[in-house]
Amino acid sequence: MRLTDFPLKTFKEVPAEAEVISHQLMLRAGLIRRLASGLYTWLPLGLRVLHKVEAIIREEMDRAGALELLMPMVQPAELWRESGRWKEYGPELLRLNDRHQREFCLGPTHEEVITDIARSELRSYRQLPVIYYQIQTKFRDEIRPRFGVMRAREFTMKDAYSFHLDEASLLEGYEKMRVAYERIFTRLQLEFRIVQADPGAIGGNRSEEFHVLAESGEDAIAYCEADGYAANVDTVAIPAVGGPRGEAKTDLELVQTPAVRTIDALSAFLNVEPADCLKTLVVQGTDAPAVALLLCGHHELNRIKAEALESVARPLRMLRATEVQAATGYEPGFLGPKELEIPIVADRAAAVLSDFVCGANQTDYHFRGVNWGRDLPVPATADLRNAVAGDPSPAGGGLLAVKRGIEVGHIFQLGTRYSDAMEATVLNKDGKACAMQMGCYGIGVTRIVAAAIEQNNDDHGIVWPEAIAPFDVVLVPINMDKSYRVKEAADSLYQELQDAGFDVLLDDRPHRPGVKFADADLIGIPHRLVIVEKAWDEGKIEYKARRATDAEMIPVETVTKFLAETRQC
RNA sequence: CGGGGCAUGGCGCAGUCUGGUAGCGCAUCUGCUUUGGGAGCAGAGGGUCGGCGGUUCGAAUCCGUCUGCCCCGACCA
């Protein structure tokens, strides 16, 4: 592509609407433009990236034996009524009527449609297993679209659905998709982790998420390098801490802590670690009006785990200050378990603290040097918190580390949730109708583009992984309009590289070098070749990788070979 | 949906408090100069100041109302 034929419009300044780096860079580099909240146009440059991502996904899905089809985005309400989701799905499902007042929705996902296809196309166990997939636009009327295409309302998704006679076959299909997903994200050159997911929501058995690691990720991922375990921090079952609690070394002491109501303030005021403070949270109970949950100061309450307690009301609700006062007689901020007259459950870690600090149930006072057993009864314990870095891995191989991740893929075993509801059956060997076992496998295609940028950028702009860069190489002729030789060199090299199979961008604009370099960096082309008259006359050309800090001179006649060898995909 | 903020040329902003007929930087166009990291000079085009209503001799500015967008919380690829 010659840049003179390509209306590339880049911005130096950061658009005010963009919060995260990928969104800023996609706007600045001219990849996307916003049409309305959560709706984006993919400009030619961005679309090239999107297509590269799609191509890799297609190749790997095909390799895994999946069959591509394409389902409508507009779907009739009847199907959704059959599955029960017309009611279950909230306002995120955009519903609309046609001219005859028939009800439809914009597909946020395609389980209903694919199940409908499967029940009419698949009648015999001999046809199974089958994996269908599509790359389609989805629409979810998100409450709060944000971060550009990272969480848009309209987005591209690759969704696949597998159909099986029995669970054993489902497991095989699931495993096959899992392998395909690993290949896909590896080929996309992204750093990712496979994470145990909470299977609760959709039901079914096993479910795993694929996360691209990035600072701005919305999920916190706990993982263990040693044993390969990885899970969302809020789904980690934290192993019980071994060993007895520490011995008491200090005496119980009442200290005045005026207006110190938070763990941060307390730890600063008394100069102790948050980990040595005890946090007392009061939530609504099932029988009692209030239940106290105790955590170490640096830990976070896990909603799901707390709700699992019989004594805690679902959904979990923290009591307001006035309610706490009414239930306990004390002021929040100075609560502690000693002589607290409501049911108490302590997180396991909190129950093995020694010489800790906690509220004294007296305004402006805390205790220090508190010890279970000696100063107050040992509480009931449970696993109540989110995992943090340094916790032991549930798989037993070592300690957990925590990083943030962007969910780009999700695979799960649906079982017969949809096939039962929609009567998608096949005849088995005995001529008996059986509901098909289903699996479902999604990849957020447009989100991958944003995630790739989150993971690969620097002060100058995007640094594309080679596998998905819009162009492989950018040619930057200097003073092309002045020097006929430079122009000739650029044209011939442009042709040569294209013939060799590279996607080449020729910056033949009559701009100053600085402008060209800045744009080349911003749009993140992995390889840059600079043509200057003097060096060219000596048979040399300048090469610089986008990731490299320095350029190098290479002989002109070896350029194609050099690039072919340097290329990483 | 609850809480906070913003809306002025394609982009980033000032002007609003204290009403007087709109300005700066970037981008765009023309010309000359310049040519290895977002050039300089000279000139030009482009804005019903988000919409509607009100107050006023006069409204970007004050009042009311509606809309759109962004940020923080519960969902998800």
Side-chain angles (χ1 to χ4, degrees), chain A residues 7-20 23-24 27-28 30 33-39 53 57 88-93 107-110 135-160 181 185 197-198 200-202 207 209-212 217-219 232 303 315-317 405-412 440-451 459-461 476-483 486 509-522 528 530-535 542 544 551:
Chain A
L8 177 70
K9 187 165 167 147
T10 57
F11 304 133
K12 261 187 282 197
E13 281 160 313
V14 179
E17 70 186 55
E19 173 81 352
V20 296
H23 190 194
Q24 294 174 355
L27 254 11
R28 286 185 53 206
R33 291 282 111 100
R34 190 182 65 84
L35 179 63
S37 179
L39 303 177
V53 174
I57 293 174
E88 285 170 24
Y89 230 102
E92 208 168 278
L93 184 66
T109 172
H110 282 71
I135 295 177
Q136 236 294 30
T137 300
K138 306 285 192 221
F139 191 93
R140 293 183 189 170
D141 202 354
E142 292 274 353
I143 296 168
R144 184 150 95 84
R146 70 187 124 161
F147 305 152
V149 300
M150 192 94 91
R151 177 181 295 277
R153 291 195 292 177
E154 189 176 303
F155 59 98
T156 306
M157 181 169 160
K158 185 287 302 175
D159 47 331
Y181 272 42
F185 292 111
D198 175 19
I202 321 261
S207 169
E209 293 170 355
F210 288 71
H211 283 259
V212 166
E218 293 187 75
D219 298 290
N232 207 300
R303 224 192 151 79
L316 183 77
R317 192 173 74 83
I406 300 164
E407 187 186 352
V408 290
H410 197 163
I411 56 178
F412 40 105
C440 139
Y441 320 91
I443 291 182
V445 182
T446 38
R447 181 180 279 185
I448 282 175
V449 177
D459 291 346
H460 298 288
V476 183
I478 305 290
N479 280 334
M480 182 173 174
D481 49 335
K482 286 271 173 58
S483 163
V486 169
R509 296 176 301 178
H511 292 338
R512 299 165 61 87
V515 175
K516 298 187 182 192
F517 293 149
D519 274 342
D521 285 349
L522 177 61
R528 186 184 79 186
V530 181
I531 306 165
V532 281
E533 195 175 63
K534 194 161 164 252
E542 176 190 300
K544 180 180 170 298

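All values reported here derive from a predicted model rather than from experimental measurement.
In this structure, A/R34 pairs ionically with A/E17, as a charged nitrogen and a carboxylate oxygen lie closer than 4.0 Å. Ionic pairing of A/R28 and A/E13 is not present here: no N-O contact between side-chain nitrogen and carboxylate oxygen is shorter than 4.0 angstrom.
Note on A/R151: a base of the nucleic acid sits closer than 4.0 angstrom, heavy atoms only. The residue A/T10 sits close to a base: some heavy atom pair falls under 4.0 Å. Among the heavy atoms of the strands, none lies under 4.0 Å from A/V445.
Pairing of B/G38, defined by two Watson-Crick or G-U wobble distances under 3.5 Å, is not identified with any nucleotide. Across all strands shown, B/G73 forms a Watson-Crick or G-U wobble pair with B/C1, both key distances being under 3.5 Å. Across all strands shown, nothing is found opposite B/A60 as a Watson-Crick or G-U wobble partner with both distances under 3.5 Å. Pair assignment for B/C6 gives B/G68, based on Watson-Crick or G-U wobble hydrogen-bonding distances that are each under 3.5 Å. Pair assignment for B/A14 gives none, since no Watson-Crick or G-U wobble pairing has each distance under 3.5 Å. The partner of B/G19 cannot be assigned: no Watson-Crick or G-U wobble pair with both contacts below 3.5 Å exists in any strand. B/U28 and B/A44 make up a base pair, with Watson-Crick or G-U wobble contacts both under 3.5 Å.
For B/C52 and B/A14, the C1' atoms lie 27 Å apart once the distance is rounded to whole Å. Rounded to whole Å, the separation between the P atoms of B/G46 and B/C29 comes to 16 Å. Separation of the P atoms belonging to B/G40 and B/G15 is 26 Å when rounded to the nearest angstrom. Remark: the separation of the P atoms in B/G25 and B/C63 is 31 Å, to the nearest Å. Taking the C1' atoms as reference points, B/A42 lies 40 Å from B/G51, given to the whole Å. Atom name P, nucleotides B/G50 and B/U61: the rounded distance is 8 Å, in whole Å. Going from the C1' atom of B/U30 to that of B/G68 covers 37 Å, rounded to whole Å. A distance of about 14 Å separates the C1' atoms of B/A59 and B/U8, rounded to the whole Å.
The stacking criteria are not both satisfied for A/F11 over the base of B/G12, which would need a centre-to-centre distance under 5.5 angstrom and an angle between ring planes under 30 degrees.
Applying the side chain to side chain contact (heavy atoms under 4.5 Å, CB included) test between A/F155 and each of A/M157, A/R151, A/R153 identifies A/M157 as the sole match.
Side-chain proximity of A/E13 to the nucleotides B/G36, B/C70, B/C26 is greatest for B/C26. Among B/A77, B/G38, B/G37, the nucleotide with an atom closest to any side-chain atom of A/E407 is B/A77. When the nucleotides B/G36, B/G12, B/G38 are ranked by their closest atom to the side chain of A/K12, B/G38 comes out on top. Side chain of A/E19, nearest nucleotide from B/U35, B/C72, B/G37: B/C72.
Between the side chain of A/R144 and the base of B/G3, no donor-acceptor pair under 3.5 Å is found.
Annotation: of the two residues near RNA chain B, A/V20 and A/A535, the 5′-most nearest-nucleotide partner is A/A535. Between A/T156 and A/F517, it is A/F517 whose nearest contact on RNA chain B lies nearer the 5' terminus.
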